[in-house]
Amino acid sequence: MLGKHLVAGDRAGIIVETEAYLGSHDKASHARFGRTRRNAVMFGHGGVSYVYLCYGMYDLFNVVTGRDGDPQAVLIRALEPVRGIGGDVAVTRGPGKLTRALGITRSHSGLDMTGASTPVYIAPGRRISRTDISVGPRVGVDYAGDWASAPLRFWIAGHPSVSRGARSKAA
DNA sequence: GTTCCGATGCTT
DNA sequence: AGCATCGGAACG
């Protein structure tokens, strides 16, 4: 998903940092306790948004990626500003900040990301070469035991919009 | 540069 | 009680 556009109405950014959450066996995933009211959309088909409230203050945006019944998702952690949010890279650096910048909230959970008919969706973008992608451990999942150090965070190497937490844990 | 802390509310 | 965060304060 790196390099693609995340579009919300007249605002858009290019995805420059992501994290993968692999399924019920992933001890860092919201799906680790099975299906609940909050994570229900993770158990549906891929290409659908999953937005939830984090730490009581921030709406975090994910795209479900698994098949029906396999709760995989990708968290979007940072964007490069493209349209409607000014040129300040700090505004979309971090998963809680980028949703604020684009006006994405929990009301945008469960939407189809694969077309352009929903208020929020993913659109094609720039092609990112494999050699331009860095990999490291996910941020903020120290509770997850062995899974805390799994190399499941991906970002465009050296990009100025990559989040702060990510930079300090580069692999 | 680093670490620590409070805000704030939903989930288990 | 814990949490897929953030900005600011304190410190080195």
Side-chain angles (χ1 to χ4, degrees), chain A residues 1-2 4 6 8 11 13-44 46-66 69-81 85-111 113 120 122 133-156 158-171:
Chain A
M1 291 180 48
L2 292 172
K4 296 192 188 310
L6 175 58
R11 306 179 221 177
I14 286 180
I15 297 167
V16 300
E17 182 184 349
T18 62
E19 282 177 358
Y21 289 83
L22 296 190
S24 299
H25 59 290
D26 179 350
K27 297 294 195 233
S29 173
H30 284 175
R32 66 192 183 279
F33 301 122
R35 182 181 179 131
T36 64
R37 169 127 77 247
R38 177 175 68 161
N39 68 18
V41 305
M42 290 181 80
F43 288 78
V48 171
S49 57
Y50 167 48
V51 186
Y52 72 94
L53 180 67
C54 183
Y55 294 111
M57 273 174 275
Y58 302 100
D59 289 297
L60 267 51
F61 175 84
N62 302 251
V63 179
V64 177
T65 53
D70 183 13
Q72 304 189 28
V74 171
L75 170 69
I76 307 304
R77 290 193 55 89
L79 302 174
E80 172 186 316
I85 41 188
D88 182 0
V89 299
V91 167
T92 49
R93 186 164 61 203
K97 291 165 66 177
L98 71 91
T99 53
R100 241 188 342 180
L102 267 62
I104 294 173
T105 69
R106 280 160 287 167
S107 73
H108 299 112
S109 199
L111 299 177
M113 294 293 103
V120 178
I122 304 287
I133 299 175
S134 293
V135 182
R138 294 173 292 186
V139 175
V141 296
D142 290 345
Y143 59 86
D146 291 343
W147 285 90
S149 55
L152 292 173
R153 181 168 49 84
F154 306 89
W155 68 97
I156 298 177
H159 197 285
S161 292
V162 169
S163 72
R164 183 184 187 82
R167 283 166 178 279
S168 62
K169 295 187 182 179

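Proteins come first, then strands; the chains are lettered A, B, ... in the order of their sequence lines, and each starts at number 1.
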Position toward the 5' end of DNA chain B (nearest nucleotide), A:R106 or A:Y58: A:Y58

Check: A:S49 side chain, A:G110 main-chain N or O, donor-acceptor pair, under 3.5 Å: yes

From CA spacing to verdict: side chain to side chain contact (heavy atoms under 4.5 Å, CB included), A:L102, A:V120: CA-CA 9 Å; A:L102 267 62; A:V120 178; over 6 Å; no

Set of side chain to side chain donor-acceptor pair (under 3.5 Å) partners for A:S107, sequence neighbours left out: A:T105

A:D59 CG - B:dG9 P separation (whole Å): 12 Å

Pairs flagged by salt bridge (charged side-chain N to carboxylate O under 4.0 Å, His left out) wherever residues 23-43 of chain A is involved - sequence neighbours left out: A:D26-A:R138

Secondary-structure notation, DNA chain C, from Watson-Crick and G-U pairs under 3.5 angstrom (| other strand): |||.|||||||.

Residues within residues 25-39 of chain A bordering DNA chain C, heavy-atom distance below 4.0 Å: A:A28, A:H30

Salt bridge (charged side-chain N to carboxylate O under 4.0 Å, His left out): pairs with one or both residues in residues 95-104 of chain A, sequence neighbours excluded: none

Length of the line joining A:Y143:OH and B:dT12:P, which is rounded to integer Å: 12 Å

First-last contacting nucleotides on DNA chain C - partner chain A, under 4.0 angstrom, heavy atom: C:dC3 to C:dG7

N/O donor to acceptor pairs below 3.5 angstrom from side-chain atoms of residues 51-66 of chain A, sequence neighbours left out:
residue, atom, partner, partner atom, Å
A:D59, OD1, A:R106, NE, 3.0
A:N62, ND2, A:Y50, O, 3.1

Heavy-atom donor-acceptor pair, A:E19 side chain to A:R77 backbone, under 3.5 Å: no

Under the side-chain contact (heavy atoms from CB on, under 4.5 Å) test, residues paired with A:D146 that sit two or more places apart: none

Evaluation steps, side chain to side chain contact (heavy atoms under 4.5 Å, CB included), between A:I156 and A:I133: CA-CA 5 Å; A:I156 298 177; A:I133 299 175; 5.5 Å; no

Residue list, side chain to side chain donor-acceptor pair (under 3.5 Å) with A:E80, at least two apart or on another chain: A:R126, A:H159

Sugar-phosphate, base or nothing in reach of A:L60, heavy atoms under 4.0 Å: sugar-phosphate

Sugar-phosphate, base or nothing in reach of A:G96, heavy atoms under 4.0 Å: sugar-phosphate

Polar side-chain atom of A:S134 near backbone of A:W155 as donor-acceptor pair, under 3.5 Å: no

